[in-house]
Engineer: 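Right, I'll just put the structure down here and ask away after.
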Amino acid sequence: MKLYSILFASILGIFVSFTTLAESAHLAVAANFRQCMLALVTELEKESNHRYVLSFGSSGKFYGQILHGAPFDMFFSADVAKPIAVSEAGLGVSKSRFTYAIGRLALLSSAKKSALALEQTLITGAFNKVSIANPKFAPYGIASLEVLDHLKRLEESKSKWVLGENIAQAYQFVDSGNADLGFVALSQVMLEQKYAGSFWLIPDSWHLPIQQQAIILNKAKNNPAALALINFIHSNKGKNILTSYGYLIAENNSV
Amino acid sequence: MSLSPDDLDAIWLTLRLATTVTLLLLILATPIAWWLAKTDSWLKVPIGALVALPLVLPPTVLGFYLLVLMGPNGSIGEFTKALGLGTLPFTFSGLVIASMIYSLPFVVQPIQNAIQSIGDRPIEVAATLGAGPVDRFFSVVLPLAKPGFVTATILGFAHTVGEFGIVLMIGGSIPKETRVVSIQIYDHVEALQYGNAHFLAAIMLGFSFIVLLGLYGFQRKRSGEGLHYGR
């Protein structure tokens with residue numbers, strides 16, 4: 001009898017703790033932040049009972065979907081403009097908008113090449129195809145063009161551009177060998193053993209900072225899982241994960 | 001709202017792609033359709049299934065395989081490099097090949113059905129009257145199977161115009177080379193230019209409806225001839 005009551009109490013306890021403490025949040029995450037978000041969430045899920053459902057893609061597509069009622073709880077964009085637009089459309093909690101990371105751009109080569117050699121290749125134009133996230137809408141693509149412009153290679157390299165629909169496709173075009181060079185997010189290649197010695201971290205003074213902002217959407221206004229994630233990103237542990245993937249931390253976190 | 005020069009480039013490229021693919025497919029598909037219609041070989045079933053594969057495969061499967069195979073480390077890629085042609089992804093030729101695979105069943109099947117419905121009799125009669133194989137094909141088979149060829153042409157063209165997934169995977173959105181209308185619409189939507197997207201999308205909608213209207217009207221008129229593709 002005693003055993004049963006202990007069992008009952010503990011089952012009840014688990015049940016109560018799940019219902020009161022455990023929440024889930026569905027996150028729409030910009031493609032460049034994929035690996036880092038997976039690392040963040042894996043760690044956070046160990047520490048808490050919160051659960052996260054992740055969707056990765058281009059910020060533009062998520063923005064469009066959010067405008068049309070997509071059931072996300074948080075939106076991690078690769079830029080500032082889209083979270084602002086979500087907030088102005090009355091779909092997000094404006095106070096929750098913050099810069100979660102500042103992205104860094106890298107030049108990836110399909111063959112092993114030293115950073116110096118890669119810089120030279122880009123400057124001299126000695127390549128066949130360079131993949132770029134579509135600058136019409138992808139923040140990393142816009143930064144890529146700023147780099148080419150900085151090198152005065154914008155016009156003459158145009159015929160060698162192949163455009164990915166987001167930074168993940170720009171990366172995949174190089175990885176599959178179809179483009180010999182590609183502008184990618186540092187976070188995509190930094191921790192990958194196979195890319196050691198085949199990318200170059202582009203100086204961040206060559207392009208405008210890639211500020212990446214997130215916002216909580218209205219339906220998750222009081223979602224503990226979303227709040228826990230924001231707290232975790234601001235914690236030292238969270239910041240360490242971000243920097244290990246090559247992101248810079250915004251000095252003034254909230255805007 | 002009007003069409004931008006980029007939009008016009010995309011439309012022109014799409015028409016060029018669809019025309020090239022349709023013409024090449026008519027040449028390639030006719031012997032395949034003929035063989036499938038006439039053969040008693042055990043290979044008929046597997047080859048028929050192979051030809052029909054693009055009907056059921058997700059475009060991502062074809063796009064993925066083509067990207068890998070036609071890339072510099074793939075077997076097709078190494079072959080085209082050896083020929084001095086470079087690699088095929090991100091090129092118009094690459095899209096032509098991808099679209100030919102993608103639209104193959106839409107061209108083979110109507111022709112095959114039409115040839116089957118002629119039967120052997122008219123061809124045998126022509127043979128007894130002394131017509132050679134080439135003459136038999138052009139003066140007996142072709143006129144009798146014309147509805148099948150018309151259907152194949154229309155479907156092959158329209159299906160290529162409607163292609164999206166494969167082009168997204170192997171195209172790289174290059175103006176005047178691989179940025180077809182469906183990709184241009186996608187780019188507009190991603191860039192939140194809904195006005196431009198609406199305009200091009202409406203053109204595609206109108207085009208597709210008119211094509212199918214024409215096709216079904218044609219089939220209805222010819223309904224005695226045993227061709228009911230898509231109905």
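Chain letters run A, B, ... following the sequence lines, proteins first, then strands; residues in each count from 1. These numbers come from the heavy atoms of this one structure, side chains and all, not from hydrogens, waters or symmetry mates. Treat the numbers as computed from the prediction; the structure is a model and nothing was measured.
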Engineer: Using 30° and 60° as the class limits, which term best fits the ring planes of A:Phe98 and A:Phe76: parallel, tilted or perpendicular?
Structural biologist: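 Geometry flag for A:Phe76 against A:Phe98: perpendicular rings.
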
Engineer: In sequence, state the C-alpha distance, the side-chain angles, and the governing distance for A:Ile210 and A:Arg104, and then conclude on side-chain contact (heavy atoms from CB on, under 4.5 Å).
Structural biologist: CA-CA 7 Å; A:Ile210 306 169; A:Arg104 292 296 308 271; over 6 Å; no

Engineer: Give the interface residues of residues 132-148 of chain A toward chain B, defined by a heavy-atom separation under 4.5 Å.
Structural biologist: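 Those residues of residues 132-148 of chain A which have a heavy atom under 4.5 Å from chain B are A:Asn134, A:Lys136, A:Phe137.
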
Engineer: Taking all non-hydrogen atoms of both residues into account, name the closest pair between B:Thr87 and B:Gly71 and its distance.
Structural biologist: CG2-C, 4.0 Å

Engineer: So for B:Leu67, is it side chain, backbone, both, or neither that comes closer than 4.5 Å to the heavy atoms of chain A?
Structural biologist: both

Engineer: Hey, what do you get for CG (B:Leu8) to NZ (B:Lys176), rounding to the nearest 0.5 Å?
Structural biologist: 10.5 Å

Engineer: Test B:Glu78 against B:Lys81 for salt bridge (Lys or Arg N to Asp or Glu O under 4.0 Å), laying out the working first.
Structural biologist: CA-CA 5 Å; B:Glu78 288 186 350; B:Lys81 272 196 300 184; 5.6 Å; no

Engineer: Looking at B:Val68, B:Leu168, B:Leu88, which has the largest count of heavy-atom pairs under 4.5 Å with chain A?
Structural biologist: B:Leu168

Engineer: Any residues in residues 64-74 of chain A near chain B, with a heavy-atom distance under 4.5 Å, and which are they?
Structural biologist: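 When heavy atoms of chain B are the reference, residues 64-74 of chain A contributes A:Gly64, A:His68 within the under-4.5 Å range.
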
Engineer: What is the distance from atom SG of A:Cys36 to atom CD of A:Gln212, rounded to the nearest 0.5 Å?
Structural biologist: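 Going from SG on A:Cys36 over to CD on A:Gln212, the span is 9.5 Å.
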
Engineer: I'd like to check the side-chain contact (heavy atoms from CB on, under 4.5 Å) partners of B:Leu62; sequence neighbours left out, ordered by chain and number.
Structural biologist: B:Pro54, B:Leu57, B:Ile101, B:Tyr102, B:Ile166

Engineer: Tell me, for A:Lys158 versus chain B, whether the close heavy atoms (under 4.5 Å) come from the side chain, the backbone, both or neither.
Structural biologist: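 Neither; nothing under 4.5 Å.
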
Engineer: What about the rings of A:Tyr247 and A:Tyr100, do their centers lie closer together than 6.0 Å?
Structural biologist: no

Engineer: Checking B:Thr14 side chain against B:Ala10 main chain: does a donor-acceptor pair fall under 3.5 Å?
Structural biologist: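 Yes: the side chain of B:Thr14 pairs with the backbone of B:Ala10.
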
Engineer: Applying a heavy-atom distance below 4.5 Å, give me the residues of residues 166-179 of chain A that approach chain B, sorted by number.
Structural biologist: A:Gln169, A:Gln172, A:Phe173, A:Ser176, A:Gly177, A:Asn178, A:Ala179

Engineer: Select one option (side chain, backbone, both, neither) describing which atoms of B:Asp187 are under 4.5 Å from chain A's heavy atoms.
Structural biologist: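 Both parts, backbone and side chain.
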
Engineer: Quick one: are B:Tyr186 and B:Val167 in side-chain contact, heavy atoms under 4.5 Å?
Structural biologist: no

Engineer: To the nearest 0.5 Å, what is the distance between CG on A:Leu181 and CG on A:Leu118?
Structural biologist: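 A:Leu181 atom CG to A:Leu118 atom CG measures 6.5 Å (nearest 0.5 Å).
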
Engineer: Which atom names give the shortest non-hydrogen contact between B:Thr178 and B:Leu95, and what distance separates them?
Structural biologist: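 Closest approach of B:Thr178 to B:Leu95: CA-CD1, 3.7 Å.
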
Engineer: I want to check something: taking the side chain as every heavy atom from C-beta on, are A:Gln35 and A:Gln188 in contact at a cut-off of under 4.5 Å?
Structural biologist: yes

Engineer: Sort B:Gln193 into side chain, backbone, both or neither according to what part of it lies under 4.5 angstrom from a heavy atom of chain A.
Structural biologist: side chain

Engineer: Output the distance between atom CE (B:Met70) and atom OG (B:Ser93), rounded to the nearest 0.5 Å.
Structural biologist: 9.5 Å

Engineer: Less than 4.5 Å apart, any side-chain heavy atom of A:Leu122 and any of A:Trp200?
Structural biologist: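 They are in side-chain contact.
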
